[in-house]
Amino acid sequence: MQFLALLAALPLLVQAMPMEYNGTVFARSKTVTDKDFLLSCPGAAGSPNVQRADRCTMINIKNNPDKLIYKNMGSPQQNCAGGTTPTSVTLGGSTSVSETTTVDMNFGISFEGISIGGGTSTSNTKTSETSKSVTYTVPPGRQAIYTAGYNFHSQTGNIQVNYGDRVNGHYIWFTGATVTKLIPDGAPPRFQVHETKCGTNAFDVNNKS
């Protein structure tokens, strides 16, 4: 009977076990969430549930295929008045690109200004601004906008959070949430005109109408 009672209690015992990382055991508090840990990183808004972290570092890093991301430059120009002749317009403007960080869970966290080390070196990554214009002939019933395509290196991983004082008995914690970093490779952008059907969202770079 005692053996059967132990088997019945085993799932509860497993849930109460501390988490393990690289052979080191850490107890995970139920009151401090991944969102709290990320908000405690340097540059983040902070959390009332945990002290400020000394540093946050990306671990368990996986390198993903590069991503080509297009950004709009200026406003779209239209030939949507019902006419039958093409219209010559000037397209273009300016845009900027920089490193971005996102998390796979809907935490509502903006990573702008948050310092997360590790992964691809970002010490030389700065906001890059581009300006360009072009003359383009828009067919009737169409609209067009100028875009710049930037190549990004992509990495995913988890976050190791280090504290100067113990948090629930430990100096180091690890998030289960997956964080993605996109780092521009610094190459010149690829410019192209994105043309779509009148009446649709001209700003949507995925609009194939």
Exercise for the section: Find the distance between OH (Tyr146) and OG (Ser75) and round it off to the nearest 0.5 Å. Expected result: 15.5 Å
A side-chain contact here means heavy atoms from C-beta on lying under 4.5 Å apart; do [X] and [Y] qualify?
| X | Y | answer |
| --- | --- | --- |
| Val89 | Gln78 | no |
| Gln51 | Val167 | yes |
| Leu91 | Val193 | yes |
| Met73 | Phe191 | yes |
| Arg142 | Asn79 | no |
| Pro42 | Cys56 | yes |
| Ser154 | Thr180 | yes |
| Val161 | Ile172 | no |

Quick one: list whatever passes side-chain hydrogen bond (donor to acceptor under 3.5 Å, both in side chains) with [X], sequence neighbours left out.
| X | result |
| --- | --- |
| Asp185 | Asn151 |
| Ser209 | Thr200, Asn207 |
| Thr156 | none |
| Asn162 | Gln160 |

Practice task
Before giving the answer on side-chain contact (heavy atoms from CB on, under 4.5 Å), spell out for Gln77 and Thr87 the whole-Å C-alpha distance, their side-chain angles and the decisive distance to 0.1 Å.
Solution key: CA-CA 9 Å; Gln77 298 296 320; Thr87 300; over 6 Å; no
Practice task
Can you establish whether the number of heavy atoms outside Arg52 located under 6.0 Å from its atom CZ is more than 12?
Solution key: yes
Problem - Inter- and intrachain pairs under salt bridge (charged side-chain N to carboxylate O under 4.0 Å, His left out), touching residues 162-173, at least two apart - result: none
Practice task
Scan residues 61-74 for pairs that pass salt bridge (charged side-chain N to carboxylate O under 4.0 Å, His left out), counting only residues two or more places apart or in two chains.
Solution key: none
Problem - side-chain contact (heavy atoms from CB on, under 4.5 Å) partners for Asp54, two or more places apart - result: none
Exercise for the section: Please list, chain by chain and in numerical order, all residues satisfying side-chain contact (heavy atoms from CB on, under 4.5 Å) with Ser47, sequence neighbours excluded. Expected result: Asp36, Leu39, Asn49, Val50
Exercise for the section: Quick one: list whatever passes ring pair (Phe, Tyr, Trp, His ring centres under 6.0 Å) with Tyr150, sequence neighbours left out. Expected result: none
Exercise for the section: Kindly write out the residues that satisfy ring pair (Phe, Tyr, Trp, His ring centres under 6.0 Å) with Phe203, not counting sequence neighbours, or none if the list is empty. Expected result: none
Give me the atom names and distance for the closest heavy-atom approach of [X] to [Y].
| X | Y | answer |
| --- | --- | --- |
| Asn63 | Gln155 | OD1-NE2, 2.6 Å |
| Pro184 | Val97 | CB-CG2, 4.4 Å |
| Gln192 | Tyr70 | OE1-OH, 3.5 Å |
| Met58 | Val179 | CE-O, 3.5 Å |

Practice task
Give a yes or no answer on whether the side chain of Thr175 reaches the backbone of Ile159 with a donor-acceptor pair at less than 3.5 Å.
Solution key: yes
Exercise for the section: Report yes or no: does Gln143 contribute a side-chain atom to a donor-acceptor pair with the main-chain N or O of Lys197 at less than 3.5 Å? Expected result: yes
Tell me which donor-acceptor pairs under 3.5 Å the side chains of residues 131-138 have, and how far apart each pair is, sequence neighbours excluded?
{"residue": "Tyr136", "atom": "OH", "partner": "Glu195", "partner atom": "OE1", "Å": "2.5"}

Problem - disulfide bond (SG atoms under 2.5 Å apart) contacts in which one or both residues fall within residues 145-202, not counting sequence neighbours - result: Cys80-Cys198
Practice task
Decide whether Leu38 and Val32 are clustered together by the hydrophobic rule: side chain heavy atoms of Ile, Leu, Val, Met, Phe, Trp, Tyr closer than 4.5 Å, transitively.
Solution key: yes
Exercise for the section: Please state whether the rings of Tyr163 and Phe37 are parallel, tilted or perpendicular, taking 30° and 60° as the class boundaries. Expected result: tilted
